[in-house]
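Atoms within a ligand are numbered from 1 in the order they appear, just like the ligands themselves. We're numbering straight along the sequence, starting at 1. Please read these numbers as outputs of a predicted model, since none were measured by experiment.
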Amino acid sequence: MLTNGRLKIAIQKNGRLSEESHALLRGIGLDYDTRSRQLFALCRKLPVEIIFLRDDDIPEYVQDGICQLGIVGQNQVAETSADVDERLQLDFGKCRLSLAVKTDSSYSYVADLNGKKIATSYPTILRSYLAKENCDAELITINGSVEVCPALGVADAIADLVSTGTTLKNNQLRVIADIFKSQSVLISSRRNLNANQSQLIEKLVCRIKAYTNAQSSKYIMMNVKKQQLSTILKLLPSLQAPTIVPLGDEKSVAVHSVISRRDTWELAENLQANGASGILITNIEKLLP
Ligand code: PRT
Ligand code: ZN
């Protein structure tokens, strides 16, 4: 349903995904104001409305066509078994749902949890995992602070989201299995989309692809003596053939290329050690194919 002809995009109101969701929406040209405690924000220029929700509710709002697009973790999509299209992986909010036990416990494998109690906020994902592993454990569904359950004697193990591992370490817990890998995704509704809505969704999807491509890439420029050019080109893991620009100095050229955001320090040091100079690495704002 589209009230006032506006496309509705659901994002997390207040939590780990909020900041990057706003950055992404603003990065694709959506212009809106955010004030605390407001439930929605209208965009200028495009017929789009941003709806702020708890992350748990986003998959169902999109499934039911109340919102046409949503940004949420794959963990929530899987847990709610929502009937939505996963359109794009957004490369933030990365975590995994892991099975963990007390560091000093004797359990090492999923099979060791047969007949034991496991506390989790993700009973659907956990239940289907245990069924596949033929493990008959008792599930205790808890909302929040799952990590304290083993110390309190409430459960023998937990299944919780892990990002850096700090929370597990602080609670003297260790992972025995990873159940589910998650990151934020763009989901879209399968219900009642008319031609205008579908067209606007496709436009926004293209913009998000350009934004996420830009976020995962950097632009590198450097000067290279012609006799070192072939060595330098071999070191560049370019997405496309690098651009080679003549310089006033006839012995050198400038090399420009798009590279992956990862390991830029390693690459720059390697290029420098092989004769590149004046190495400049910059962010890319948009990267359209
Ligand atoms: O109020 P609302 O319901 O919207 O928010 P929430 O409190 O349920 O969710 P929030 O903001 O904590 O997380 C939103 C989403 O972020 C999750 O659904 C995941 O998709 C993603 N995400 C990524 C995480 C984490 N990393 C994460 N580390 N969600 C939660 N955690 C928690 C985890 O539960 C544990 O308590 O962080 C702790 C572990 O982190 P580390 O770094 O110590 O390992
Ligand atoms: Zn939540």
Query raised in the report: What do we get for L168 next to ligand 1 when only non-hydrogen atoms under 4.0 Å count, side chain, backbone, both or neither?
Result: neither
Report summary line: Here the atoms of ligand 1 under 4.0 Å from any heavy atom belonging to G73 are 20 (O)
Query - Candidate list K132, E133, R127, test side chain to side chain contact (heavy atoms under 4.5 Å, CB included), partner Y129, passing option - result: E133
Query - Pairing of K116 and D136 as salt bridge, 4.0 angstrom limit - result: no
Requested in this report: Would you mind telling me which of V185, I187, I208, I201 makes a side chain to side chain contact (heavy atoms under 4.5 Å, CB included) with R87?
Outcome: I201
Query raised in the report: Out of the N/O/S atoms in D55, what is the name of the one closest to the Zn ion (ligand 2)?
Result: OD1
Query raised in the report: Looking at V162, which atoms of ligand 1 are within less than 4.0 Å of one of its heavy atoms?
Result: 44 (O)
Query - Charged N-O contact under 4.0 Å between D160 and R96 - result: no
Query raised in the report: Should the proximity of D160 to ligand 1, defined as any heavy atom under 4.0 Å, be assigned to the side chain, the backbone, both, or neither?
Result: side chain
Only pairs under 3.5 Å count here: list side-chain donor-acceptor contacts from residues 276-289, not counting sequence neighbours, and write none if there are none.
residue : atom : partner : partner atom : Å
N283    : OD1  : K218    : NZ           : 2.5

Query - T167 and ligand 1 - part of the residue with a heavy-atom distance under 4.0 Å - result: both
Query raised in the report: If every non-hydrogen atom of Q183 is compared with every non-hydrogen atom of Q89, which pair is closest and at what distance?
Result: NE2-OE1, 3.0 Å
Query raised in the report: Which atoms of ligand 1 sit under 4.0 Å from any heavy atom of T166?
Result: 43 (O), 44 (O)
Query - Atoms of ligand 1 close to R54 [distance to a heavy atom under 4.0 angstrom, numbered from 1] - result: 1 (O), 2 (P), 3 (O), 4 (O)
Query raised in the report: Of the protein's non-hydrogen atoms, which lies at the shortest distance from atom 35 (C) of ligand 1, and what is that distance?
Result: L161 O, 3.5 Å
Query raised in the report: Among all protein non-hydrogen atoms, which one is nearest to atom 41 (P) of ligand 1, and what is the separation to 0.1 Å?
Result: T164 OG1, 3.4 Å
Report summary line: for atom 32 (C) of ligand 1, nearest protein heavy atom and its distance come out as R16 NH2, 3.3 Å
Query raised in the report: In the protein, what heavy atom is nearest to atom 8 (O) of ligand 1, and what distance, to one decimal place, separates them?
Result: D55 OD1, 3.4 Å
Query - D56 atom (N/O/S) at minimal separation from the Zn ion (ligand 2) - result: OD1
Query - Contacts of type salt bridge (charged side-chain N to carboxylate O under 4.0 Å, His left out), residue D263, not counting sequence neighbours - result: none
Query raised in the report: Nearest to atom 5 (O) of ligand 1, what protein heavy atom do you find, and at what distance?
Result: Q12 NE2, 2.9 Å
Query raised in the report: What pair of heavy atoms forms the shortest contact from I142 to S121, and how long is it?
Result: O-OG, 2.6 Å
Query - Residues, nucleotides or ligands: over 12 heavy atoms within 6.0 Å of E19 CD - result: no
Requested in this report: Just need the protein heavy atom nearest to atom 20 (O) of ligand 1, so name the residue and atom and give the distance.
Outcome: N75 OD1, 2.7 Å
Query raised in the report: What part of C95 sits under 4.0 Å from ligand 1 if we count only heavy atoms: the side chain, the backbone, both or neither?
Result: side chain
Report summary line: Residue, atom and distance of the protein heavy atom nearest atom 16 (O) of ligand 1 read L17 CD2, 3.5 Å
Query raised in the report: Atoms of ligand 1 less than 4.0 Å from G93 heavy atoms?
Result: 21 (C), 23 (C)
**Report entry** Residues, nucleotides or ligands: over 12 heavy atoms within 6.0 Å of K169 NZ
**Finding:** no
Report task. Please indicate whether any nitrogen or oxygen in L53 is less than 3.5 Å from any nitrogen or oxygen in ligand 1. Result -> no
Requested in this report: For G15, take its heavy atoms, then give the atoms of ligand 1 lying under 4.0 Å from any of them.
Outcome: 11 (O)
Query - Nearest heavy atoms of N134 and N114, plus distance in Å - result: O-ND2, 4.0 Å
Report task. Check L17 against S184 and note the closest heavy-atom contact, atom names and distance. Result -> CD2-OG, 3.4 Å
